Protein chains: 2
Amino acid sequence: MVKLIDIAKKLGLSLTTVSRALNDYEEVSSKTKELVRQTAKEMGYVPNKFAQNLALKKSHLISLLYDDYQETISYQSFTFEVIAGVRNYFGRTPYDLIIVPGNLKSETREPLKNICYSRGIEGLFVVGIRTNDPYIEELKKDFIPAVIVDYPLITKKVTYIQSDNLMGCKLAVDYLVSRGHSRIAFINGHDLAAVSPLRLDGYKTALKENGISFDEDIVKVGNYTEKSGYDAVRQLLKEKADFSAVFAASDLMAVGAIKAIKEKGLKVPEDVAVVGFDDVFFAEYSHPSLTTIRQHKFDLGYMGAKELHEIIENPEKPLRSRKIDVELIIRESA
Amino acid sequence: MVKLIDIAKKLGLSLTTVSRALNDYEEVSSKTKELVRQTAKEMGYVPNKFAQNLALKKSHLISLLYDDYQETISYQSFTFEVIAGVRNYFGRTPYDLIIVPGNLKSETREPLKNICYSRGIEGLFVVGIRTNDPYIEELKKDFIPAVIVDYPLITKKVTYIQSDNLMGCKLAVDYLVSRGHSRIAFINGHDLAAVSPLRLDGYKTALKENGISFDEDIVKVGNYTEKSGYDAVRQLLKEKADFSAVFAASDLMAVGAIKAIKEKGLKVPEDVAVVGFDDVFFAEYSHPSLTTIRQHKFDLGYMGAKELHEIIENPEKPLRSRKIDVELIIRESA
DNA sequence: CCTACTTTCCAAAGCGCTTTGAAAAGATGC
DNA sequence: GCATCTTTTCAAAGCGCTTTGGAAAGTAGG
């Protein structure tokens, strides 16, 4: 491995000058700069980041915190695409992405603080972890810049980003209303996902805006899996609840809902219309294909990463949370 | 940030002794060791990995190379779960995972060698990149230990791991034969995926073992998307090809195949049986649910990571590729 | 009590880089 | 030609850790 001193010796220059030449300091004449750069290239010189980090006290390291024990593929895909956005953003900067090590489920995992401090992590990007994850508590201590997807937390160094859930619910409800529905059942997800209360709120608000009164009897709670959506709607049907449409807080639950409806001999969307949330890719492949609210996952990652970058570079900046627009995708199910 | 010298001063010990105590050297009495450990903890000492890396010339860094421009969710999910396995394995070791930076599609990306050398990367885990990715060529130069998923490359430092595709094809064909089929169409994927030729081979071999002759007319090539599976089967039907079963090299193509078959007014599995490959999660949710070959993705990652670890720790070891068993999952479509 | 080991501790060098403070070389004005 | 200023270069210190080679302190044997 060739190092600075090697190219200094070769050129009869001092270490300092070589370092400065490569870092484009003004104190070095352009002739020497060019010479140094050229020979550095020829000799295959690559700077040692550890040494740089040590000297500069700057790691250029962002840590990615996510949970890989995700029961549903839609969650996997969500996380994957968000991370793609993060990666894409930081790929344009000198920052590297390091994955927070270890089994997130393990009880014996290292404190986040230690992980970050020992590696000189400058920022944390958090996506797809549970609201009851102990790391969330650590984040609240505000010891490191962080951006979280879908968990409402704002401190001096930490902020969050999420899809505009309110808007999403409004789009869904408005659309169903525009198709003549006024009895719209809602299948929400459990509270371990921070978006659940938001979506319930959005649903309520949208109803109100359309002059429809909220009816607790046609609201159920699932856990974002297909089966829970299926169970919820079966329950509704069993109770002979009065509804002509179902709005599910996830596509997977929407698929389950459709299954339950079909099983009763009813047709989607003729008898009951169904709208999902997320636009996971298979929404397109279900039968009937799913009308749903699309989340722009890549953008969540990209914009979240950008925000994180800004927090790091400009620590004084007061933080605000950020919302990414969602989109109504009309297919066959409603 | 508290460092070694701080705790040395506090205890009136030398830097050396403190370092040795924490690293459990024999030269330090167990009394001092305990004392040092205790105060280190109290003072919230966390070792600086950069300094360690620099001194030890060991980074404990594994780089993850994958492509996030993956058109299909099954590929995303595949990659996600493989990475989960890798993460889980290395989570039990002192190694950290760093994501190879940047936009893999960009033409201007940095040579892999530079990336690795500048960060002192000790090993590379590669998953989900195209066979024509230029990084593959760099890997062939054998400059760093690496394990690749699904691309057959073995050198002194590089090896690969994959699902047992032959076995998978055999399981699928055998099962179809056992259900009375002898005219089994095959929809393969394009050659940008290294597994395609393997699956074709497996298909041929399995046919031969069952005394069925290979018929080129009922073999089509798709690109792993639903549409390509749909198109391929439509083509077959249009050609009035003689087949009673379809074996697709991916679940997505299998779903497309089913769509085409249904469209013709034929029933699955009564008129045409369909078997897929992968067992992506939605296989369960398609209608009819998909009989398929399950790949153990987590295991691919876990075992691949283990292999990589061994290569790094024991560079002299001659390398062999490794296969992970697959499993026939019987559902409704066949 | 002295020699010969062991055990326990330490000062200093080194990992590869950046940066400070100062010196050498070159350019300018009188 | 000398003093002054600017440009270009350098030696050395420092980032936080590990490790080498040695010294001091403690233990045992005669």
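Everything quoted here is computed from the prediction, not taken from an experiment. So you know, we letter chains A, B, ... as the sequences are listed, proteins then strands, and number each from 1. Below, all heavy atoms of this structure are taken into account, side chains as well, without hydrogens, waters or symmetry copies.
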**Q.** Summary of protein contacts for nucleotides 9-16 of chain C, nucleotide by nucleotide, where a base hit scores B, a sugar-phosphate-only hit scores S (4.0 Å, heavy atoms)
**A.** BBBB-BBB
(Q) Test side-chain hydrogen bond (donor to acceptor under 3.5 Å, both in side chains) on A:Tyr95 and A:His309; report intermediate values, then the result. (A) CA-CA 9 Å; A:Tyr95 285 86; A:His309 193 189; 4.7 Å; no
**Q.** Audit row: A:Val149, A:Phe125, side-chain contact (heavy atoms from CB on, under 4.5 Å) steps and yes/no
**A.** CA-CA 8 Å; A:Val149 175; A:Phe125 191 99; 3.7 Å; yes
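A salt bridge links A:Arg109 to A:Asp133: one of the charged nitrogens lies within less than 4.0 Å of a carboxylate oxygen. The pair B:Lys141-B:Glu138 does not meet the salt-bridge criterion, since no charged nitrogen lies less than 4.0 angstrom from a carboxylate oxygen. We find that B:Arg37 and B:Asp24 are joined by a salt bridge, their nearest charged nitrogen and carboxylate oxygen being less than 4.0 Å apart.
A sub-4.0 Å separation between OP1 or OP2 of C:dT18 and a side-chain N or O of A:Asn23 is present.
Atom CG in B:Leu22 sits about 13 Å away from atom P in D:dT19, given to the nearest Å. The separation between A:Leu35 atom CG and D:dT8 atom P is 14 Å, rounded to whole Å. Put simply, NZ on A:Lys31 is 14 Å from P on D:dT7, counting in whole angstrom units. The distance between atom CG of B:Leu11 and atom P of C:dT8, rounded to the nearest whole Å, is 17 Å. Put simply, CG on B:Asn53 is 14 Å from P on C:dC17, counting in whole angstrom units. Distance, B:Asp24 CG to D:dT18 P: 13 Å, rounded to whole Å.
The shortest distance between side-chain heavy atoms of A:Ile62 and A:Phe90 falls below 4.5 Å.
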